[in-house]
Amino acid sequence: MTYKIYTLGCKVNEYESEVMASILENHGYIKDENPDVAIVNTCTVTNTADSKSRKLIRSIRKKFPKAIILVAGCMVQNKKDNLDIDADIIIGNQNKTEIINYLKDYKRDKIFDVKDMEKAPFENMSLDNFDLTRAYIKIQDGCDNYCAFCIIPYVRGHVRCKKKEDVINEAKALVKNGHKEVVLTGIHTGNYHDGNYSFADLLNDLVKIDGLKRLRISSVEITELNDNVLDVIKNSDVLVDHMHIPLQSGSNEILKLMNRKYDIDYFIKKIKKIREIRPNMSVTTDVIVGFPGESEKHFLETIDTIKKVGFTKIHVFPYSDRDGTVASRMKNKVPSNIKKMRVKKLIELSKELEIMNLRKNINRDILFIPEVYQDGYLIGHTGDYLLIKAKGDKKYLSKEVYAVTKEIDYPYLISEVSVK
C-alpha cells in the first residue's frame, strides 16, 4: 500500500505528520505520489486555513478517486458539526497515532471519530528520525491562554505535556541519527512542565546532550522568559541566537482587548534584558492587523513598537473572525480594504528590517547548516536564522559549514563555502 500526507499549518502539524508517516512505514506502507491512502492534516487558525484545507481535500478526491482519504487536525475538530467534506476517515486532533487501526477498520463505511478535547490526555508521540536537517520535538499540546482572537484552545484542549525523560530520550535519538539541530515545538511551548520540572529545567538538560549543536524554541511567549530561562540562554551557546516571540499588537489598548498577558513596556524591557545577555539575539514576531477596534492611531503605535524592539522579521496576519471566540462577538470590525492596506505596510516594513539585518552580515565568515543542495548551491540557516545560499560541494549537506557572505539576493545572503 502507498500513502501521501498533506500538511497545512504549524510546526506541531508537521511533527504529527512525520509521526504518522513513520507509523505507516513501520507497517509496510510506501510513500508515493500516486497514493492508495491520502492523509490531510488540516489547519483552522484562520478562515483562509479552513478554505485551503477544504480545497485540498476536494482536489485530492478528484485526482485520486480510488484512494482512501483520511482527514485529521484542527479544521476537523473546529468544524466537526458542519464539515461537509468528502472523506472516508475523519479523526480530529486525537488518536493520530492510531492511524493503522483506523485504516484496518475501514470497510467502505465512513468512519467519523472526533474526540472531545476538553479532557484529552497527552497523546505520546516520538521520532528517532526526521525528514529534515532540523528535527522537531513536540513537547506539549493545548493552550489555556484564551486570547480573544484564537480558536486553538478550543480545538487543541488544555495544556498537557510530554514526560521529561521522553523528551530527552527523543532528542538523544535524533542526535544519534545525525540531526545537528532540534526545535522544541508545541501549541504553547513555553508553558511546558512535568510536575515541578519546568521549561527552564528541560532546556538546561537538553543543552547538555552530546552532539547537539543547536537547540531552538519554535515560539515562546514573552511572559514565559523568566529569569531561570534567561539563565540557560546566558550560559549555553547551544541555544541559538534566534527567538520567535509573538507581539500580536504594538498598542496597549488592543493588547488588552486581545486578552494578552503583557503590555508594551513589559515586552520592550524583556527584549532589552535578553539582548543584554545575548547581544546578537535575532527576534522575529507575529502581528495581527485589523483586530476589532484597531484605529489608525493603534496601528501607528504598532509600527512604532516594532521599530523600538528592532525585530528582524514580522509574520503578518490579517485578523480573521473565528466563531466561538470572544473577538468574533466584538463590534467595530475593521473593513477588509483597510486591513489589506495595513498588512501591505507591515510586510514592506518587515522586508526593510530583514534587508537591514542581512546587510549587517555581509563580509562575514559565518557558520550554517546546509539543508538543501540546489543548482550548485548549499542552502540553509545560521543559528540566528539568516538564510544562506553558498556555492559549495554537496558533501557538506547537513554538516556545520563556514561560508563567507558576499552580497544580498533577498531573502538570501549569497556566500561561498570557506573550508577551515
Side-chain angles (χ1 to χ4, degrees), residues 11-12 15 122 134-147 153 158-172 174-175 181-248 255 259-286 309-312 383-385:
K11 288 180 173 64
V12 172
Y15 176 88
F122 184 81
R134 187 182 304 114
Y136 303 149
I137 300 178
K138 177 184 163 186
I139 64 171
Q140 71 82 231
D141 206 339
C143 182
D144 295 318
N145 267 3
Y146 293 95
C147 296
H158 294 294
V159 169
R160 59 249 191 238
C161 303
K162 184 175 287 187
K163 292 290 183 184
K164 60 184 179 183
E165 56 269 22
D166 291 339
V167 179
I168 292 165
N169 288 336
E170 188 170 358
K172 286 179 177 177
L174 288 164
V175 171
E181 178 177 326
V182 165
V183 183
L184 301 181
T185 190
I187 301 301
H188 191 177
T189 312
N191 200 9
Y192 176 86
H193 57 274
D194 183 5
N196 292 325
Y197 184 88
S198 70
F199 185 52
D201 294 328
L202 180 66
L203 295 177
N204 199 42
D205 283 341
L206 288 172
V207 297
K208 295 172 184 173
I209 293 175
D210 287 341
L212 179 61
K213 299 295 185 181
R214 293 184 189 168
L215 181 64
R216 192 183 300 276
I217 305 165
S218 61
S219 180
V220 64
E221 293 291 334
I222 195 79
T223 51
E224 277 139 18
L225 296 171
N226 59 35
D227 288 345
N228 292 331
V229 172
L230 294 185
D231 280 344
V232 186
I233 294 170
K234 180 180 179 180
N235 295 316
S236 175
D237 58 6
V238 174
L239 268 166
V240 297
D241 277 334
H242 169 253
M243 305 193 83
H244 186 80
I245 308 172
L247 173 68
Q248 305 302 11
L255 286 175
N259 194 32
R260 299 293 284 172
K261 308 299 191 287
Y262 52 85
D263 61 19
I264 298 308
D265 184 58
Y266 178 94
F267 195 101
I268 289 173
K269 283 180 178 176
K270 185 72 75 164
I271 297 294
K272 184 180 178 184
K273 193 170 184 179
I274 292 167
R275 286 182 172 145
E276 284 171 357
I277 60 174
R278 278 285 189 97
N280 296 321
M281 183 65 75
S282 167
V283 182
T284 55
T285 197
D286 297 331
V309 172
F311 293 111
T312 49
D384 57 352
Y385 224 57

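The residues of the chain are indexed from 1 along the displayed sequence.
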Student: Is the shortest side-chain heavy-atom distance between Ile137 and Leu174 below 4.5 Å?
Tutor: yes
Student: Look only at the side chain of Tyr192 and the backbone of Lys162, and say whether a donor-acceptor pair between them is shorter than 3.5 Å.
Tutor: yes
Student: Output yes when a side-chain donor or acceptor of Arg214 lies under 3.5 Å from a complementary backbone atom of Val183, and no otherwise.
Tutor: no
Student: With heavy-atom distances below 4.5 Å as the criterion, would you say the side chains of Val159 and Ile187 are in contact?
Tutor: no
Student: Is the closest side-chain donor-acceptor distance between Thr284 and His242 under 3.5 Å?
Tutor: yes
Student: Within a 6.0 Å radius of atom CG on Asp210, are there more than 12 heavy atoms belonging to other residues, nucleotides or ligands?
Tutor: no
Student: If only atom types and distance count, is the side chain of Thr185 paired as donor or acceptor with the main-chain N or O of Tyr136 below 3.5 Å?
Tutor: no
Student: For residues Phe199 and Ile139, determine if any side-chain heavy atom of one lies less than 4.5 Å from a side-chain heavy atom of the other.
Tutor: yes
Student: Could you give me the CA-CA distance, side-chain angles and deciding distance for Lys273 and Asp227, then say whether salt bridge (charged side-chain N to carboxylate O under 4.0 Å, His left out) is met?
Tutor: CA-CA 10 Å; Lys273 193 170 184 179; Asp227 288 345; 3.0 Å; yes
Student: Kindly compute the distance separating CD1 (Ile245) from CD1 (Ile222), expressed to the nearest 0.5 Å.
Tutor: 4.5 Å
Student: Under the side-chain contact (heavy atoms from CB on, under 4.5 Å) rule, collect the residues that match up with Val238, sequence neighbours excluded.
Tutor: Val207, Leu212, Leu215, Ser236
Student: Please confirm whether the backbone N or O of Cys147 pairs with a side-chain atom of Asn145, one donor and one acceptor, at under 3.5 Å?
Tutor: no
Student: Quick one: do Met243 and Val220 satisfy side-chain contact (heavy atoms from CB on, under 4.5 Å)? Show the steps, please.
Tutor: CA-CA 8 Å; Met243 305 193 83; Val220 64; 3.9 Å; yes
Student: Over 60° means perpendicular and under 30° means parallel, so tell me whether Tyr262 and Phe267 are parallel, tilted or perpendicular.
Tutor: tilted
Student: Say whether, by atom type as modelled, one donor and one acceptor occur between the side chain of His193 and the main chain of Asn191 under 3.5 angstrom.
Tutor: yes
Student: Could you tell me whether a side-chain N or O of Asp194 sits under 3.5 Å from a main-chain N or O of Lys164, the two making a donor and an acceptor?
Tutor: yes
Student: What's the verdict on side-chain contact (heavy atoms from CB on, under 4.5 Å) for Val232 and Leu239, showing C-alpha distance, side-chain angles and the deciding distance?
Tutor: CA-CA 8 Å; Val232 186; Leu239 268 166; 3.6 Å; yes
Student: If the test is salt bridge (Lys or Arg N to Asp or Glu O under 4.0 Å), which one of Lys270, Lys261, Arg260 qualifies with Glu221?
Tutor: Arg260
Student: Would you say Thr312 and Tyr385 make side-chain contact, with heavy atoms under 4.5 Å?
Tutor: no
Student: Decide yes or no for Ile271 and Val283: does some side-chain heavy atom of the first lie under 4.5 Å from some side-chain heavy atom of the second?
Tutor: yes
Student: I want to check something: taking the side chain as every heavy atom from C-beta on, are Asn280 and Asp384 in contact at a cut-off of under 4.5 Å?
Tutor: no
Student: Does Asn204 reach the side chain of Asp201, with side-chain heavy atoms less than 4.5 Å apart?
Tutor: no
Student: How about Val229 and Glu224: do any of their side-chain heavy atoms sit closer than 4.5 Å?
Tutor: no
Student: If you measure from NZ on Lys11 to CG on Leu184, what distance do you get to the nearest 0.5 Å?
Tutor: 12.0 Å
Student: Could you go step by step and tell me if Leu203 and Ile217 meet the side-chain contact (heavy atoms from CB on, under 4.5 Å) rule?
Tutor: CA-CA 9 Å; Leu203 295 177; Ile217 305 165; 4.3 Å; yes
Student: Any idea which heavy atoms bring Met281 and Val240 closest together, and the distance?
Tutor: CE-O, 3.9 Å
